[in-house]
Amino acid sequence: MEASSVDTRLAVETPDGIELDLIPAGPVLRAAAWLIDSVIRAGMLIGLGFVLSALGAAGIALLILAWFLINWWYPVLFEVLAGGATPGKKAFGLRVVNEDGTPVGWGASIVRNLLRQVDFLPFGYGAGLLAMHCNSRFQRLGDLAAATLVVYRDWSVTSARALPPGPAEPPPLPLAPAEQQILLTFAERGSALNPERIGELAGIMTPVTGLTGVDSAERLLAWARWLKGQAR
Amino acid sequence: MKQEQFVASRKQRWEHYQALLAKLTQREKLPAAGEFPAQYRRLCNDLAVASARGYSLGLIRQLQSWIRDGHALLYRSRPSLAQNFVAFFSRDFPSLVRAEWRLLALCSLLLFGPMLWLFWQIGSTPEFVYRVLSPEAVESYERMYARSAGGRGADNDVMMFAFYIMNNIGVSLRTFAGGLLFGIGSAVILLFNGVMIGAVAAHLSFEGYHQNFWTFVIGHGAFELPAIVLAGVAGLRMGLSLLLPGPFSRLDALRISARRAVTLLYGVIAMLVLAAGLEAFWSASPAPAAIKYVVGGLLWLVVLAYFSLAGRGSTSRAN
């Protein structure tokens, strides 16, 4: 696993010889997810309390078992059986995975959730918060012991948009794949940026395009159309 | 090949992959499921080509997101415990416990040591019990064992079963987790339980409640006390890996030991469920004292024999 230096992206190489990007989620989002889960757990117990307390001793027995399950096993059951996310995590688009990007199994999920007890110390997840800030992957102690990560389920900031129609022309000099990629990505992002920002970014390329601001952007867009091979 | 041509030439295959993925993710049984790995690998190939040719990040991230879902489907681990249930209890669990005999001895000492000490103390000076327990607690224990077991009613048995599950498994899970604090948490919980159980047992034994007390605890104690000790072993295994990581980094040592510890914990939980059943439905039953002693003694023998003999001679995963 390789950490990039400009953001929290982790590149994990799969057995198929390609790299998957994992973006670990930070403490604020995870705390919010935990809060939602706490509300859901409390709601479940209150609801069950109303129903089961009407059933006498057997109901109380079931209620105690439900309390035990919800208190200790709620995160484990959801993480293993429901695609790596409790409802709270799901609401924020988070997911628990092994460090190699595969879904968590029973062993890892049990370890990370039982060690929550220690992460919670001395109060309010103090130890967990400290641990999260001591590594680049936002792992609390339970995550470190279980070799798990909490990552964003879907994090793409750009999607493969079509470029706006217009003239296409070949760039005046051959581009390396990485340079071509930057140019294409800039062009695809264009509709998501405001004109001032587009002009500012395109201005960086003034030495190559020979133009400034929006004119430079138009020139870059024309090259991108040619490189992408978009039909007019 | 330019990006648009690339996309157009593969569009149909990608749509097929997505449809297959969506169906398989919903656990649908498909005759075509066998072609999924091949489809997945071709998509991986597409991603590698797209990255090498410098196609846009939009396209690459799109491919990555499809691959990520396929990767999760293809490389998910099967819950192995359910399949290896028999192998686990007949071989892996007892041999793992034997492999940890040093920690087992230490944890037994941490739990049973204080018990013996309190028997000696309270036997010579009965007032010593009040240094451990409050007078109110002592009185409530005396009331609890003032009459012989039985006549509690089936409803109460079920309720107590649930309570024992919640309480005892909760304690053992906490004992395990406490091990992460360099083993101190586990050790403290074991010592604390040893002191409390020892004080209550010694006081009741010397104050004339011995018959009611021992007939109640001897049966389920055979599973409960060893289970608590083993929860301590699991915790200390983790704690020790941080103190003495051996040839590994501390983090790697912790990960290896956590895997081992959680395997122990499966056995501990099974033992405590068994103990809760015995405690609720057998220990509280009105069977004659002699039978309770005989059955209880046999249960201790079974547990000791299980851990010393089961799984010997077979090649074990634990070693």
Side-chain angles (χ1 to χ4, degrees), chain A residues 14-21 56-58 60-65 67-68 71-72 80 83-84 97 100-107 110-111 114-118 121 141 144-147 154 156-161 175-181 184-185 187-189 227-231, chain B residues 1-7 25 40-41 44-45 47-48 51-62 64-65 67-68 71-72 75-81 153 155-156 158-163 165-166 169-170 173-174 176-178 180-181 185 238 251 254-255 258-259 261-263 265:
Chain A
T14 74
D16 320 288
I18 50 150
E19 283 187 346
L20 282 185
D21 287 349
I60 302 288
L62 286 176
L63 192 60
I64 296 173
L65 286 179
W67 191 89
F68 172 70
N71 188 34
W72 285 102
V80 179
V97 293
D100 60 0
T102 54
V104 285
W106 291 103
I110 288 174
V111 168
L114 290 186
L115 295 183
R116 218 172 256 284
Q117 299 276 319
V118 182
L121 297 174
L141 297 173
L144 286 171
D154 262 319
S156 344
V157 284
T158 50
S159 57
R161 287 194 206 86
L175 296 179
E179 292 164 344
Q180 176 186 320
Q181 185 171 62
L184 283 171
T185 306
E188 282 184 350
R189 275 187 78 195
L227 287 170
K228 198 175 179 187
Q230 185 167 312
Chain B
M1 191 185 283
K2 291 184 176 177
Q3 181 171 335
E4 287 291 315
Q5 290 169 277
F6 179 78
V7 172
T25 307
Y40 168 80
R41 297 228 153 78
C44 289
N45 188 43
L47 173 64
S51 307
R53 289 188 187 157
Y55 293 155
S56 77
L57 282 180
L59 176 67
I60 283 168
R61 291 196 174 148
Q62 180 64 79
Q64 275 191 339
S65 126
I67 287 174
R68 198 165 50 237
H71 180 260
Y75 292 102
R76 71 182 162 190
S77 64
R78 304 272 168 194
S80 59
L81 191 65
D155 276 358
N156 273 330
V158 174
M159 210 159 85
M160 289 316 286
F161 172 69
F163 173 77
I165 292 264
M166 175 193 80
I169 298 183
L173 297 182
R174 229 165 270 131
F176 160 75
L180 192 61
L181 304 168
M238 260 192 322
L251 185 61
L254 174 66
R255 286 172 176 183
R259 276 293 144 102
V262 86
T263 313
L265 216 52

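Below, chain A is the first sequence line, B the second, and so on; all start at residue 1.
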In sequence, state the C-alpha distance, the side-chain angles, and the governing distance for A/L121 and B/L181, and then conclude on side-chain contact (heavy atoms from CB on, under 4.5 Å). CA-CA 10 Å; A/L121 297 174; B/L181 304 168; 3.9 Å; yes
Enter the distance from A/I60:CD1 to B/M160:CE here, rounded to the nearest 0.5 Å. 13.0 Å
Rounded at 0.5 Å granularity, tell me how far CG in A/L227 sits from CZ in B/R53. 13.5 Å
Identify which part of B/I165 has an atom lying under 4.5 Å from any heavy atom of chain A, answering side chain, backbone, both or neither. both
Nearest-0.5 Å distance, CD of residue B/Q3 to CD of residue A/Q180: 8.0 Å
Just wondering, do A/Q181 and B/L57 contact through their side chains at under 4.5 Å, heavy atoms? yes
Between CG of B/L254 and CG of A/L144, what distance do you get to the nearest 0.5 Å? 7.5 Å
Give me the atom names and distance for the closest heavy-atom approach of B/A162 to A/I64. O-CG2, 3.5 Å
If you count heavy-atom pairs under 4.5 Å with chain B, which of A/P177, A/G101, A/G56 comes out on top? A/P177
Could you please spell out the steps behind the side-chain hydrogen bond (donor to acceptor under 3.5 Å, both in side chains) verdict for B/Y75 and A/D100? CA-CA 10 Å; B/Y75 292 102; A/D100 60 0; over 6 Å; no
Is chain A contacted by the side chain of B/F6, its backbone, both, or neither, given a heavy-atom distance below 4.5 Å? neither
Which atom pair, heavy atoms only, marks the closest approach of A/G107 to B/R259? C-NH2, 4.2 Å
Chain A contacts, top residue of B/M166, B/R174, B/M1 (heavy-atom pairs, under 4.5 Å): B/M166
Within-4.5 Å side-chain heavy-atom neighbours: B/H71 and A/T102: yes
Measure A/A187 against the heavy atoms of chain B and call it side chain, backbone, both or neither at under 4.5 Å. neither
So, taking the atom named CD1 in A/I110 and the one named CZ in B/F176, what distance separates them when rounded to the nearest 0.5 Å? 9.0 Å
Separation of B/I60 CD1 from A/D21 CG (nearest 0.5 Å): 10.0 Å
Of the non-hydrogen atoms in B/V158 and A/A61, which two are nearest, and what is the gap between them? CG1-CB, 3.5 Å
Who wins among A/D16, A/L175, A/L62 for the most heavy-atom pairs under 4.5 Å with chain B? A/D16
Kindly determine whether B/L265 and A/L114 satisfy side-chain contact (heavy atoms from CB on, under 4.5 Å), including the steps that lead there. CA-CA 11 Å; B/L265 216 52; A/L114 290 186; 3.3 Å; yes
Identified side chain to side chain donor-acceptor pair (under 3.5 Å) partner of B/S56 from the options A/E188, A/K228, A/R189: A/E188
Portion of B/A261 that has a non-hydrogen atom of chain A nearer than 4.5 angstrom: neither
Chain A contact via B/M238 - which portion, at a heavy-atom distance below 4.5 Å: side chain
What's the shortest heavy-atom distance between B/G54 and A/L184, and which atoms? O-CD1, 3.6 Å
B/R255 portion near chain A, given a 4.5 angstrom heavy-atom threshold: both
Any donor and acceptor pair, going by atom type alone, linking the side chain of B/Q64 with main-chain N or O of A/E19 inside 3.5 Å? yes
For B/A72 versus A/P103, what's the shortest heavy-atom pair and its separation? O-CG, 3.2 Å
